[in-house]
Amino acid sequence: MSERAAPPGRLTLVQALVNTVDLAAGADALDTPEGRAPFGLTEDTVDDARELRESLRATLLAHAGHPAHRPVVPLGELLARAPLVVTVDPADGSAALAPVDEAPLLSRIAAAVAEALTAGTWQRLKACEAPDCHWAYYDRSPGGRGRWCSMQVCGARAKMRRYRAKRG
């Protein structure tokens with residue numbers, strides 16, 4: 001739903017996973033082989049991916065100052081299952097955390113979160129406050145106080161609801 005620019009680094013993977021479900025329409029891209037393909041998922045790994053997605057969504061809502069949308073397994077518990085290794089580039093000595101095994105989605109997500117933590121970008125990935133949206137977006141606002149994935153859609157609707165409630 002968002003017209004915002006993509007997040008930096010591997011946060012695009014996190015955003016893409018969270019945004020595989022359209023809450024308003026009830027459509028879940030992970031229901032189809034085409035929707036699972038970008039994540040390397042099979043039918044037997046979809047339930048775990050959905051659990052990860054909803055834990056990520058709850059965390060992104062927390063980044064925006066909102067409560068979890070529903071009870072979920074804490075993201076830290078899920079990420080603890082994904083072993084990471086420190087890699088060092090021999091050319092320049094730069095170090096990074098990387099998945100021990102690139103195949104599992106959980107490992108790639110854990111590496112993306114670790115990268116974002118070290119880059120200082122993790123807290124800027126948020127979920128829209130609109131209850132029928134909760135779309136992931138990267139908040140590039142100067143104060144880091146963005147509330148909606150799209151000011152033109154979710155933001156405008158929220159402002160119109162407040163306006164009507166005041167007049168009403």
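Because only heavy atoms are used, hydrogens play no part in the values below, and waters and symmetry mates are left out as well, while side chains stay in.
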Would you indicate whether the side-chain heavy atoms of R81 and L106 approach each other to under 4.5 Å?
yes

Is the shortest heavy-atom distance from the side chain of T121 to the side chain of Y138 under 4.5 Å?
yes

Is there a side-chain contact between W122 and L11 in this structure, where contact means two heavy atoms from C-beta onward sitting under 4.5 Å apart?
yes

Residues in side chain to side chain contact (heavy atoms under 4.5 Å, CB included) with P104, at least two apart?
D101, S107

Any donor-acceptor N/O pair, H66 side chain to L61 backbone, under 3.5 Å:
no

Any side-chain heavy atom of R50 sitting closer than 4.5 Å to one from L52?
no

From L56 atom CG to L79 atom CG, the distance as rounded to the nearest 0.5 Å
7.0 Å

Could you tell me the separation between the CZ atom of R108 and the CG atom of L84, rounded to the nearest 0.5 Å?
13.0 Å

Answer whether the closest heavy-atom distance between the side chains of V85 and L97 falls below 4.5 Å.
no

Is there a side-chain contact between L105 and L13 in this structure, where contact means two heavy atoms from C-beta onward sitting under 4.5 Å apart?
yes

Please list, chain by chain and in numerical order, all residues satisfying side-chain hydrogen bond (donor to acceptor under 3.5 Å, both in side chains) with E51, sequence neighbours excluded.
none

Can you name the side chain to side chain contact (heavy atoms under 4.5 Å, CB included) partners of V21, sequence neighbours left out?
L23, D28, R53, E54, R57

Is it true that a side-chain atom of H134 and a backbone atom of C128 form a donor plus acceptor pair closer than 3.5 Å?
yes

CG on D139 to NZ on K126, rounded to 0.5 Å:
4.0 Å

If we ignore hydrogens and angles and just use 3.5 Å, is the side chain of E115 paired with the main-chain N or O of R10 as donor and acceptor?
yes

If you measure from CG on L30 to OG1 on T20, what distance do you get to the nearest 0.5 Å?
4.0 Å

